[in-house]
There are 2 protein chains.
Amino acid sequence: MKPKNKIIIVDDHMLFSQSLELLINSFKDFEVINRFENGKVFISYLQENIDSEVDLILLDVNMPVLDGVSTMKWIKENRPNLKVIALSVNDDEEIIIKMLTNGAKGYLLKDTSPEIFRNGIVSVIEKGFFFTELVSGMLVKKANSDATKVNLKDKEIIFIKHACTEKTYKEIASEMCLSPKTIDGYRECLFDKLEIKTRIGLVLYAIKNKIVLV
Amino acid sequence: MKPKNKIIIVDDHMLFSQSLELLINSFKDFEVINRFENGKVFISYLQENIDSEVDLILLDVNMPVLDGVSTMKWIKENRPNLKVIALSVNDDEEIIIKMLTNGAKGYLLKDTSPEIFRNGIVSVIEKGFFFTELVSGMLVKKANSDATKVNLKDKEIIFIKHACTEKTYKEIASEMCLSPKTIDGYRECLFDKLEIKTRIGLVLYAIKNKIVLV
DNA sequence: AACGACAAGGGTATTTTCCCCCTTTTTTTA
DNA sequence: TAAAAAAAGGGGGAAAATACCCTTGTCGTT
């Protein structure tokens with residue numbers, strides 16, 4: 001009997017994580033050797049067990065204390081050879097891209113079927129990666145949109161955040177230690193770049209693009 | 001050996017639903033007798049099996065085809081004695097209230113611990129209800145806020161939706177077939193009621209309260 | 001007759017939006 | 001490396017829109 005592939009689950013959803021362990025252990029060639037409830041305790045474990053022989057990490061994206069993206073960044077820096085599949089309930093494009101650019105080998109939605117789930121695990125362990133059509137599609141879309149994407153400067157971002165309040169431009173100028181005329185310049189430039197005509201449009205843009213949270 | 005309590009799971013997340021079945025079947029006094037992937041197929045089942053002896057439904061809130069709230073409404077109309085626990089990944093207050101006012105006996109987040117989960121099932125079957133502190137807190141909060149809540153008239157809602165675009169008030173007036181001065185009155189009245197000072201504030205209010213979606 | 005709601009006008013102060021212009025760095029490029 | 005070109009901060013002025021206050025008239029209820 002050949003040794004089973006060792007898997008670690010990092011997820012704060014206790015019910016999900018426990019259920020997932022049951023499911024994985026029901027696959028005869030895999031076993032869950034550890035579960036952690038957030039990135040912080042998982043990283044502590046890795047630091048204390050330098051030679052841990054884990055084959056695959058199932059890493060939740062939404063966690064308290066240390067989230068998936070931050071954990072992934074640490075892994076990229078310190079354990080670049082660890083194979084990680086990111087798990088998430090939603091298909092937020094931004095997060096998916098961040099996880100993948102930080103070295104995740106795959107991305108699975110939590111409502112994936114057990115079959116696809118198993119395929120993903122096998123594929124990452126054997127071939128080194130696994131992408132569903134959803135994720136591949138996003139990568140392509142992102143690659144295309146990168147070209148046309150407006151990139152906002154830090155000062156502009158700060159201005160936009162202020163613009164999404166009831167402050168007048170004069171007040172914003174004073175808070176940013178700039179002349180109202182400079183603020184006027186920022187505004188006009190943004191209207192141009194974002195193809196909007198009013199401050200309302202700016203607010204809507206900021207919210208849609210999560211520059212401000214509501 | 002006394003008969004096990006019969007449970008049905010309605011959830012489109014196949015992985016979750018399958019894992020949950022494993023978990024529940026591991027409790028010795030419960031068994032999952034059926035799983036359905038949305039409200040529609042579940043209701044079909046109920047209609048074809050009038051005398052189904054199910055003790056408890058675990059009903060997911062977010063489903064395609066027929067969501068949790070709609071399914072709950074049907075149950076309230078047609079099978080008011082069915083015991084239902086609503087399941088959800090998020091704690092959206094509005095949804096929770098809707099599920100409960102439509103007769104759900106309990107509300108559990110999917111990341112609840114297996115222990116609390118088991119308690120919930122037992123409590124609903126034996127006592128008829130189960131509320132976590134989170135949900136109880138919401139019920140109280142809702143009860144209080146109902147009193148002070150601003151209620152907006154239909155025309156005001158329409159105006160707000162227009163105000164959340166780049167249209168000028170003059171254009172909005174024309175679209176609503178009213179004088180710009182009337183619109184001005186709407187605006188002033190809303191600023192007063194909502195304790196805001198600018199159109200930006202109105203936009204933020206509308207988005208926060210889901211009058212407009214972004 | 002009184003009242004509140006709705007629609008709308010008059011008038012005005014403030015803010016927003018939009019031009020065109022200037023100077024001083026900083027960055028590119030020839 | 002010097003010249004050219006952006007980028008960044010600021011200004012004048014004005015039209016348009018927004019915000020505020022106060023008044024009028026018309027309905028339908030009470």
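Labels below follow one simple rule: chain letters A, B, ... track the order of the sequence lines, proteins then strands, and each chain is numbered from 1. Values below: all heavy atoms of this structure, side chains included; hydrogens, waters and symmetry mates excluded.
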May I ask you to verify if any side-chain N or O of Lys155(A) is less than 4.0 angstrom from the OP1 or OP2 atom of dA7(D)? no
Is it the case that Arg118(A) places NZ or CZ above or below the six-membered ring of Phe30(A), under 6.0 angstrom from the centre and within 45 degrees of the axis? no
Less than 4.5 Å apart, any side-chain heavy atom of Ile57(A) and any of Lys83(A)? no
Atom pair distance, as rounded to whole Å: CD in Glu171(B) and P in dA16(D): 13 Å
Does this structure show an ion pair linking Lys40(A) with Asp67(A), if we count only N-O contacts that are shorter than 4.0 Å? no
State which residue, out of Asp11(B), Leu15(B), Leu58(B), Ile7(B), fulfils the side chain to side chain contact (heavy atoms under 4.5 Å, CB included) condition with Leu20(B). Leu58(B)
Can you sort out which residues in residues 176-192 of chain A have a heavy atom within less than 4.0 Å of DNA chain D? Ascending by number, please. Leu178(A), Ser179(A), Lys181(A), Thr182(A), Tyr186(A)
Footprint ends on DNA chain C, 5' to 3', for atoms under 4.0 angstrom from a heavy atom of chain A, come out as dT15(C) to dC19(C)
Looking at Phe16(A), is Lys110(A) sitting on its ring face, NZ or CZ under 6.0 Å from the six-membered ring centre and within 45 degrees of the normal? yes
Taking the six-membered ring of Phe42(A) as reference, does the cationic atom of Arg35(A) (NZ for Lys, CZ for Arg) lie under 6.0 Å from its centre and within 45° of its axis? no
Nearest-angstrom distance from the residue atom CD1 of Ile196(B) to C1' of dT18(D): 13 Å
Single hit among Ile158(A), Val203(A), Ile157(A) for side chain to side chain contact (heavy atoms under 4.5 Å, CB included) with Ile211(A): Ile157(A)
Main-chain N/O of Lys6(A) paired to Asp55(A) side chain as donor or acceptor, under 3.5 Å: yes
Gap between atoms CD1 and C1', on Ile158(A) and dA8(D) respectively (whole Å): 15 Å
